[in-house]
Every structure is written in C-alpha cells, then in structure tokens.
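Side chains included, hydrogens not; waters and symmetry mates left out as well; all remaining heavy atoms used.
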Amino acid sequence: MPLSSYRMHRIYLAATMNYGLGSDDPEELAYYYKIKKDMADMKKDPVKKGIPLTWDTPEKIDK
C-alpha cells in the first residue's frame, strides 16, 4: 500500500528536522532514508548566488 500524503509529509518533517522516525515499516523507512540521502547530496553541491558578471562584451554591442 503506498504512503498517504499525510504520512509522507510527517516523514519529510522528521527527516528534515533530524528527528527519528519511530517506525519499522519498510516503506516509511525507505522514504525517510531517501529524503536524508537527498539532503546530504544537496549539501555537497555548491550554491551559486548572484548574477554572473562577464566583462568580455561582444563587439556588436560596442558599435
């Protein structure tokens, strides 16, 4: 039986707030660890902020 949206939301909150799940259901555990893995992967990726500036202007704009 697939997880209800309510249960998925509760698992998501537990995973993002570093709470324990408190369940032995394999579906819930799989979803919990999937979210934890996704969060760990996002921490590895650098965050690019701001607008990239390029000082090389094309010649067509200068004319």
Side-chain angles (χ1 to χ4, degrees):
M1 183 170 127
L3 295 172
S4 67
S5 60
Y6 173 78
R7 191 64 194 148
M8 290 173 72
H9 180 67
R10 301 292 291 187
I11 295 168
Y12 175 80
L13 288 176
T16 56
M17 298 180 78
N18 290 324
Y19 292 159
L21 187 57
S23 174
D24 292 333
D25 183 22
E27 278 185 276
E28 292 179 1
L29 286 172
Y31 187 66
Y32 178 81
Y33 289 125
K34 177 185 173 285
I35 292 172
K36 294 291 272 187
K37 180 184 173 295
D38 290 344
M39 287 176 25
D41 290 345
M42 286 191 318
K43 287 181 183 177
K44 292 178 186 174
D45 293 335
V47 177
K48 296 179 182 175
K49 296 180 181 178
I51 300 170
L53 298 175
T54 56
W55 298 106
D56 299 327
T57 57
E59 293 179 10
K60 294 177 184 177
I61 294 175
D62 293 337
K63 291 182 180 179

- Would you list the pairs meeting salt bridge (Lys or Arg N to Asp or Glu O under 4.0 Å) in which at least one residue belongs to residues 12-24, sequence neighbours left out? none

- Can you name the nearest heavy-atom pair linking Ser23 to Glu28, along with the distance? OG-OE1, 2.6 Å

- Output for pair (Ile11 CD1, Lys34 NZ), nearest 0.5 Å, gives 11.5 Å

- Message: Test of understanding: with side chain to side chain donor-acceptor pair (under 3.5 Å), list the residues that count as partners of Arg10, not counting sequence neighbours.
- Response: none

- Note on the structure: Sorted by chain and residue number, the salt bridge (charged side-chain N to carboxylate O under 4.0 Å, His left out) partners of Asp25 (sequence neighbours excluded) come out as none

- Message: Which residues pass the side chain to side chain contact (heavy atoms under 4.5 Å, CB included) test with Lys37, not counting sequence neighbours?
- Response: Asp41

- Kindly write out the residues that satisfy side chain to side chain contact (heavy atoms under 4.5 Å, CB included) with Ser4, not counting sequence neighbours, or none if the list is empty. Tyr6, Arg7

- Message: Which residues pass the side chain to side chain donor-acceptor pair (under 3.5 Å) test with Thr16, not counting sequence neighbours?
- Response: none

- Task: Return the minimal non-hydrogen interatomic distance between Ala14 and Gly20, and the atom names on each side.
- Result: CB-O, 4.2 Å

- Query: Transitive ILVMFWY cluster of Tyr19 at side-chain heavy atoms under 4.5 Å: who else is in it?
  - Reply: Met17

- Euclidean distance, Leu21 CG relative to Tyr33 OH, rounded to 0.5 Å: 8.0 Å

